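Computed from a predicted structure; not experimentally measured.
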Amino acid sequence: MTSSPLDNLVRVGQLKAEPPAQAEIDGLIHSGTVRLQDSQLTSLCMESRFDLAYNAAHALSLAALRCHGYRSENRYQVFQCLAHTLKLEPLQWRALSQAHNKRNLAEYEGGLDVDGALLDALIRSAQVVLNGVTALGPVHR
């Protein structure tokens, strides 16, 4: 019998198996959707838009992981799991990975150097994640 990649991550302590909770998933999707919408407000500075889009992508990615019955406390891990939870294409994964690296530099070193191309790619990727997690529908127990 073969194990799923997500089950393998549970075995090595990278993920936790936890039954999905629809209210939590709905809250994450709502939070991600609102942030994604706000990230497209061109009246905001690029750094604020980046922060909104990044946090939208994370909330939506976590919702996808929770739909499958897993949890991670590691932001990067949540994005990595998109290959399994939503079959995310490499183009979107690379944008989320770059955004994660930029976010970490901002959080831990104090500087955020965002360019328009990365912001646009991040917003597009977050939209793909939103579409994917919405297509999963309600969790079934």
Side-chain angles (χ1 to χ4, degrees), residues 2-141:
T2 60
S3 295
S4 78
L6 298 175
D7 288 333
N8 290 338
L9 290 170
V10 170
R11 261 191 293 290
V12 298
Q14 296 295 309
L15 290 180
K16 296 176 187 172
E18 184 177 312
Q22 190 64 55
E24 177 189 8
I25 293 165
D26 291 345
L28 289 165
I29 292 171
H30 174 75
S31 174
T33 300
V34 169
R35 284 183 169 89
L36 181 57
Q37 289 169 348
D38 288 352
S39 74
Q40 297 173 58
L41 297 172
T42 57
S43 60
L44 298 176
C45 70
M46 200 173 308
E47 289 84 358
S48 293
R49 293 176 63 205
F50 176 87
D51 187 58
L52 287 162
Y54 175 84
N55 284 305
H58 181 262
L60 295 165
S61 299
L62 182 55
L65 190 60
R66 294 295 297 123
C67 282
H68 288 275
Y70 300 93
R71 178 181 299 285
S72 176
E73 295 174 4
N74 180 305
R75 286 179 167 263
Y76 195 68
Q77 188 80 53
V78 171
F79 291 137
Q80 285 180 318
C81 288
L82 287 168
H84 308 294
T85 58
L86 298 180
K87 310 293 185 226
L88 197 70
E89 296 293 324
L91 181 63
Q92 283 81 33
W93 166 242
R94 282 191 294 271
L96 294 172
S97 179
Q98 283 181 302
H100 178 77
N101 292 337
K102 289 271 187 185
R103 177 255 179 203
N104 277 356
L105 285 173
E107 285 290 315
Y108 303 113
E109 296 180 20
L112 182 59
D113 179 28
V114 177
D115 62 78
L118 177 58
L119 176 59
D120 291 343
L122 176 57
I123 290 171
R124 282 192 307 274
S125 295
Q127 185 63 56
V128 167
V129 175
L130 173 59
N131 294 344
V133 76
T134 302
L136 292 175
V139 293
H140 301 285
R141 296 179 196 251

**Complete:** Between L60 and T33, the two heavy atoms sitting closest are CD2-N, 4.3 Å
**Prompt:** Can you check whether S61's main-chain N or O pairs, donor with acceptor, with R66's side chain at less than 3.5 Å?
**Reply:** no
**Prompt:** Out of curiosity, D113 CG to M46 CE, how far, rounded to the nearest 0.5 Å?
**Reply:** 9.5 Å
**Asked** Which atom names give the shortest non-hydrogen contact between A53 and A126, and what distance separates them?
**Response** O-CB, 4.2 Å
**Message:** How close do H84 and K87 get, counting heavy atoms only, and between which atoms?
**Reply:** O-NZ, 3.4 Å
**Prompt:** Does the pair E107/R75 count as a salt bridge with the N-to-O cut at 4.0 Å?
**Reply:** no
**Asked** Roughly how far, to the nearest 0.5 Å, is the CG atom of L9 from the NZ atom of K16?
**Response** 14.0 Å
**Message:** Using a 3.5 Å distance criterion without hydrogens, assess whether the side chain of Q40 forms a donor-acceptor pair with backbone atoms of L36.
**Reply:** yes
**Asked** What heavy-atom pair brings G69 and P20 nearest, and what distance separates the two atoms?
**Response** CA-CD, 3.9 Å
**Request:** With rounding to the nearest 0.5 Å, note down the distance linking OG in S39 to CG in D120.
**Result:** 10.0 Å
**Message:** With a 3.5 Å distance limit and no angle check, can you tell me whether S31 reaches the backbone of G27 through a side-chain donor-acceptor pair?
**Reply:** no
**Item:** Test item: side-chain donor near acceptor, N104 and H100, under 3.5 Å
**Value:** yes
**Prompt:** Between K102 and F50, which heavy-atom pair has the shortest distance, and what is it?
**Reply:** CB-CZ, 3.8 Å
**Request:** Please work out which of the three classes, parallel, tilted or perpendicular, describes the rings of Y54 and F79, given edges at 30° and 60°.
**Result:** perpendicular
**Request:** Please step through side-chain contact (heavy atoms from CB on, under 4.5 Å) for the pair Y108 and R103, ending with a clear verdict.
**Result:** CA-CA 9 Å; Y108 303 113; R103 177 255 179 203; 4.1 Å; yes
**Asked** How long is the span from the CD atom in E24 to the CD1 atom in I29, to the nearest 0.5 Å?
**Response** 10.5 Å
**Residue pair N131, L86: steps toward the side-chain contact (heavy atoms from CB on, under 4.5 Å) verdict** = CA-CA 10 Å; N131 294 344; L86 298 180; over 6 Å; no
**Message:** To the nearest 0.5 Å, what is the distance between CG on L15 and CD on E73?
**Reply:** 10.5 Å
**Message:** Treating D51 as the side-chain partner and E47 as the backbone partner, does any N or O pair qualify as donor plus acceptor under 3.5 Å?
**Reply:** no
**Message:** Looking at every non-hydrogen atom in both residues, tell me the closest pair between L122 and L96 and how far apart they are.
**Reply:** CD1-CD2, 3.7 Å
**Distance in Å, C81 SG paired with R71 CZ, rounded so as to fall on 0.5 Å steps** = 13.0 Å
**Request:** For T42 and R49, run side-chain contact (heavy atoms from CB on, under 4.5 Å): C-alpha distance rounded to whole Å, both residues' side-chain angles, the deciding distance at 0.1 Å, then the answer.
**Result:** CA-CA 8 Å; T42 57; R49 293 176 63 205; 4.2 Å; yes
**Prompt:** Can you list the steps and then say if L44 with L52 is a side-chain contact (heavy atoms from CB on, under 4.5 Å)?
**Reply:** CA-CA 10 Å; L44 298 176; L52 287 162; 3.7 Å; yes
